[in-house]
Amino acid sequence: MTRATQTVSLLLLLSSLYLAAYLQLIPFPAKIQDDIIPVLPFWLLVSFGAYLLANLGWGVLTFRDTEDAYKELLTEIDEAKRDLRARGVDVD
Amino acid sequence: MLAQLAGLFMLLLATAVFVYYTIWTLFMPFVEEDHALHSLFPPRVWAIRIPVILILIGIGVVGSFLSMVMIKSGNKKRAKLAEKQGKKVN
């Protein structure tokens, strides 16, 4: 089973469970049915967005900068650009 | 230094948004109507409207960026083609 198949089947399972809850095929107390279940997808979306932002922020916060590797990379890029231009490739 | 600050800000913002939104959508329905906590939150309809509005704005931004890039690349191609035609005719 590929990773894609796995993800799609998991998504399908969760969506069908949610749909069953939304269409009242599964009995829930009235308060939960009316107020919580319709809001769950939005809550999931907002939480996912918050998780992504937090992940980004954490990565930026704990990033290890290396000055020398940066300079080396710049010179390598220049070299590659010169080389490609010499061979007639349209660079930047 | 600036990057560290930006990262910390993103982290705190994400946590704050998550906590506020979770309390708003999942906990407030169970708090009685006359409790003081309700004064900290707008009416619950906005808990749906705000994400929808943000999603629509996001799609608009992504769509416009995509169109701009495609138009630019189309113009470049057309300019290159015109150049080639010009050279051939000459």
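Since the model is a prediction, treat every value here as computed from it, not as a measurement.
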- Task: Please state whether the side chain, the backbone, both or neither of B:Thr15 comes within less than 4.5 Å of a heavy atom of chain A.
- Result: neither

- Message: Evaluate B:Ile55 against A:Leu45 for side-chain contact (heavy atoms from CB on, under 4.5 Å), listing each step before the verdict.
- Response: CA-CA 10 Å; B:Ile55 289 175; A:Leu45 202 62; 3.2 Å; yes

- Message: For A:Ala54 versus B:Leu11, what's the shortest heavy-atom pair and its separation?
- Response: O-CD1, 3.2 Å

- Message: Are there over 12 heavy-atom neighbours, none belonging to B:Glu32, within less than 6.0 Å of that residue's CD?
- Response: no

- Can you hop from B:Val61 to A:Leu56 via hydrophobic side chains spaced under 4.5 Å? no

- Following the transitive rule for hydrophobic clusters with a side-chain heavy-atom cut-off under 4.5 Å over Ile, Leu, Val, Met, Phe, Trp and Tyr, establish whether B:Trp46 and A:Phe42 coincide in one cluster. yes

- Search all heavy atoms of A:Ile36 against all heavy atoms of B:Pro29 and return the closest pair with its distance. CD1-CG, 4.1 Å

- Taking everything shown except B:Phe30 itself, do over 12 heavy atoms lie less than 6.0 Å from its CZ? yes

- Flag yes if A:Leu52 and B:Val19 sit in one hydrophobic cluster, no otherwise; membership is Ile, Leu, Val, Met, Phe, Trp, Tyr, and two members link when side-chain heavy atoms are under 4.5 Å apart. no

- Query: Is there a side-chain contact between B:Lys80 and A:Asp90, using heavy atoms and a 4.5 Å cut-off?
  - Reply: yes

- Bottom line for A:Tyr51: the part with an atom under 4.5 Å from chain B's heavy atoms is neither

- Task: Can you tell which part of B:Phe9 gets under 4.5 Å to a heavy atom of chain A, answering side chain, backbone, both or neither?
- Result: neither

- Taking side chain as C-beta onward, heavy atoms only, is A:Phe48 less than 4.5 Å from B:Phe18? no

- Item | Side-chain heavy-atom pair B:Met10, A:Val60 within 4.5 angstrom cut-off | yes

- Determine, using the 4.5 Å side-chain heavy-atom cutoff (strictly less than), whether B:Tyr20 and B:Leu37 are members of one ILVMFWY cluster. yes

- Measure across A:Val46 and B:Pro51 and return the closest heavy-atom pair with its distance rounded to 0.1 Å. CG2-CG, 3.9 Å

- Which heavy atom in B:Arg44 sits nearest to a heavy atom in A:Asp35, and how many Å separate them? NH2-O, 3.1 Å

- Hydrophobic cluster membership, B:Val45 vs B:Leu40, 4.5 Å side-chain cutoff: yes

- Which bit of B:Leu54 is near chain A, if near means a heavy-atom gap under 4.5 Å: side chain, backbone, both or neither? neither

- Query: Between B:Val17, B:Leu12, B:Leu5, B:Thr22, which has the largest tally of heavy atom pairs under 4.5 Å with chain A?
  - Reply: B:Thr22

